[in-house]
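To start, the structure under review is shown below, and the notes come after it.
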Amino acid sequence: MKFTWLLFDADNTLLDFTSASHQAFQQNCKDFKIPYLPTTYPTYKKINIAAWTAFEQGQITAEKLRIQRMALFLEAIQRTDIDPQQFSGGYIDNMILKSEMYNGVRELLESLKKKYRLSIVTNGLKEAQRPRLTRLNLFSYFESVVVSDEIGVAKPAKAFFEYVYWTIPKPPPKSEILMIGDSLHSDIAGGNNFGVKTCWLNHGKKNETTIRPDFEIQDVHGLLKVLT
């Protein structure tokens, strides 16, 4: 199977979002003088996952997501004296500073760029995603970057993938496109529904859904075997 164009999710595919989010949230709590307990980040994480799920399903806007997740967290820890908007801004600033690629990602992209055309397609907030990619000097590897917050629709919506397809330079046939990502629900289901091949980065997890990727790898470096 010959692919010419690779669509990469960003967080937990190329960038270690899990680590960066944890570090950024811990730093943000320190900045706002919130005691950091073993339950602090899990409380936020549960609220954040619910907010992003609602956003991906079109139930809330990105603007509401920004504030709602922080307002609910601050309410949960009984710190309603803190402005959720300021807390959100602080967290995003820390995310930009704490974000890092997985080991070997730059070398992988250097190699792939010689044979394939590359895009980033990410569900994320515009004030976070582009500055993170800029700080890590990643834009030079990709011919297009699509951020859900900038276009008003998110993966797995077909409209998101349609936007991606018609805005990449000289789009190839769908049969030559491979979507690579860690989320079965947004990356893989979205890619499947749009009619492109999909590669699930599972991080060692089992697929307990009915969503079926065309390929499955444990980390992004496993992509090389898929492409050979």
Side-chain angles (χ1 to χ4, degrees), residues 5-15 17-18 20-21 24-25 42-76 84-85 87-89 91-92 95 99 119-133 142 144-168 171 174 177-203 205 207-214:
W5 207 295
L6 308 179
L7 306 179
F8 283 95
D9 171 53
D11 289 316
N12 284 339
T13 299
L14 299 175
L15 309 184
F17 174 83
T18 299
S21 177
F25 203 80
T43 297
Y44 164 72
K45 186 177 178 180
K46 183 178 179 180
I47 292 169
N48 185 52
I49 289 173
W52 274 103
T53 299
F55 172 68
E56 290 173 358
Q57 294 175 351
Q59 297 171 1
I60 61 172
T61 63
E63 197 61 41
K64 188 172 183 179
L65 179 150
R66 283 173 172 82
I67 309 305
Q68 178 176 286
R69 60 180 179 167
M70 298 308 181
L72 289 174
F73 166 75
L74 293 169
E75 183 180 315
Q85 188 165 356
F87 192 73
S88 176
Y91 169 68
I92 289 172
M95 270 295 295
S99 291
S119 294
I120 282 184
V121 294
T122 173
N123 282 357
L125 303 179
K126 57 189 175 185
E127 65 269 33
Q129 298 305 76
R130 288 189 182 272
R132 292 164 70 209
L133 297 173
F142 300 95
S144 68
V145 174
V146 177
V147 180
S148 62
D149 186 30
E150 295 177 345
I151 66 172
V153 64
K155 297 175 290 184
K158 190 173 182 179
F160 178 94
F161 286 90
E162 287 174 344
Y163 183 94
V164 169
Y165 188 72
W166 293 114
T167 54
I168 60 178
K174 289 184 183 180
I177 297 175
L178 180 65
M179 172 72 218
I180 306 110
D182 70 296
S183 171
L184 285 166
H185 292 281
S186 61
D187 300 317
I188 305 308
N192 288 348
N193 292 338
F194 186 63
V196 299
K197 297 297 183 181
T198 55
C199 180
W200 180 43
L201 197 165
N202 64 30
H203 291 293
K205 298 176 183 177
N207 184 355
E208 298 178 345
T209 75
T210 58
I211 300 167
R212 292 292 174 261
D214 296 288

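No hydrogens, no waters, no symmetry mates; every other heavy atom, side chains included, goes into these values.
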Solution key, residues 42-50 side-chain donor-acceptor pairs under 3.5 Å, sequence neighbours excluded:
residue, atom, partner, partner atom, Å
T43, OG1, T39, O, 2.7
Y44, OH, N48, OD1, 3.3
Y44, OH, R69, NH1, 3.1
N48, OD1, W52, NE1, 3.3
N48, OD1, R69, NH1, 2.8

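- Counting only heavy atoms from C-beta outward, the side chains of L133 and I120 approach each other to under 4.5 Å.
- The aromatic ring centres of F25 and F87 sit less than 6.0 Å apart.
- Judged purely by atom type and a 3.5 angstrom limit, S148 uses its side chain to pair as donor or acceptor with the backbone of G124.
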Steps toward side-chain contact (heavy atoms from CB on, under 4.5 Å) verdict (F160, V146): CA-CA 9 Å; F160 178 94; V146 177; 3.9 Å; yes
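- Contact annotation: the side chain of Y91 approaches that of S21 to within less than 4.5 Å [non-hydrogen atoms, C-beta and beyond].
- Looking at heavy atoms from C-beta onward, D214 lies in side-chain contact with K197 at the 4.5 angstrom threshold.
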Take S119 and F8 through the test side-chain contact (heavy atoms from CB on, under 4.5 Å) and record every step on the way to the result. CA-CA 6 Å; S119 294; F8 283 95; over 6 Å; no
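- Going from atom CG of L72 over to atom CD1 of I67 covers 11.5 Å, rounded to the nearest 0.5 Å.
- Partners of R130 according to the salt bridge (Lys or Arg N to Asp or Glu O under 4.0 Å) rule, which considers only residues two or more places apart in sequence or in another chain, are E150.
- In the model, N123 has no side-chain atom that pairs as donor or acceptor with a side-chain atom of S186 under 3.5 Å.
- Note that OG1 of T210 is 7.0 Å distant from CZ of R212, once rounded to the nearest 0.5 Å.
- Taken to the nearest 0.5 Å, the OG atom of S144 stands 12.5 Å off from the OH atom of Y165.
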Stepwise side-chain contact (heavy atoms from CB on, under 4.5 Å) check, H203 with T18: CA-CA 12 Å; H203 291 293; T18 299; over 6 Å; no
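- Here the straight-line distance linking atom CG of D187 with atom OG1 of T122 works out to 8.5 Å at 0.5 Å rounding.
- The side-chain tip of K155 does not point at the ring of F161 from less than 6.0 angstrom away and within 45° of straight on.
- Between W200 and N207 the shortest side-chain heavy-atom distance falls below 4.5 Å.
- The two atoms that bring S99 and A20 nearest to each other are CA-CB, 3.8 Å, heavy atoms only.
- When all heavy atoms of P213 and I211 are compared, the pair lying nearest together is CD-O, 3.6 Å.
- More than 12 heavy atoms of other residues, nucleotides or ligands lie within 6.0 Å of CD in Q59, so this atom counts as buried by the packing criterion.
- When all heavy atoms of G195 and K174 are compared, the pair lying nearest together is O-CB, 3.7 Å.
- For R132 against L15, the heavy-atom pair with the smallest separation is NH2-CD1, 3.6 Å.
- No donor-acceptor pair closer than 3.5 Å links the side chain of S88 to the backbone N or O of P84.
- Partners of D182 by salt bridge (Lys or Arg N to Asp or Glu O under 4.0 Å), not counting sequence neighbours: none found.
- A128 approaches I92 most closely through the heavy-atom pair CB-CG2, 3.8 Å.
- Summarising the geometry, atom CG belonging to L74 is positioned 8.0 Å from atom CE belonging to M70; distances are rounded to the nearest 0.5 Å.
- With hydrogens and angles left out, the side-chain atoms of D149 and Q129 include no donor and acceptor closer than 3.5 Å.
- To the nearest 0.5 Å, the span separating OG1 on T198 from CG on N192 amounts to 4.0 Å.
- Nearest heavy atoms, L65 versus A51: CD1-O, 3.6 Å.
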Please report the C-alpha distance between I180 and L6 in whole Å, then the side-chain angles of each, then the deciding distance to 0.1 Å, and finally whether the side-chain contact (heavy atoms from CB on, under 4.5 Å) criterion is met. CA-CA 7 Å; I180 306 110; L6 308 179; 3.9 Å; yes
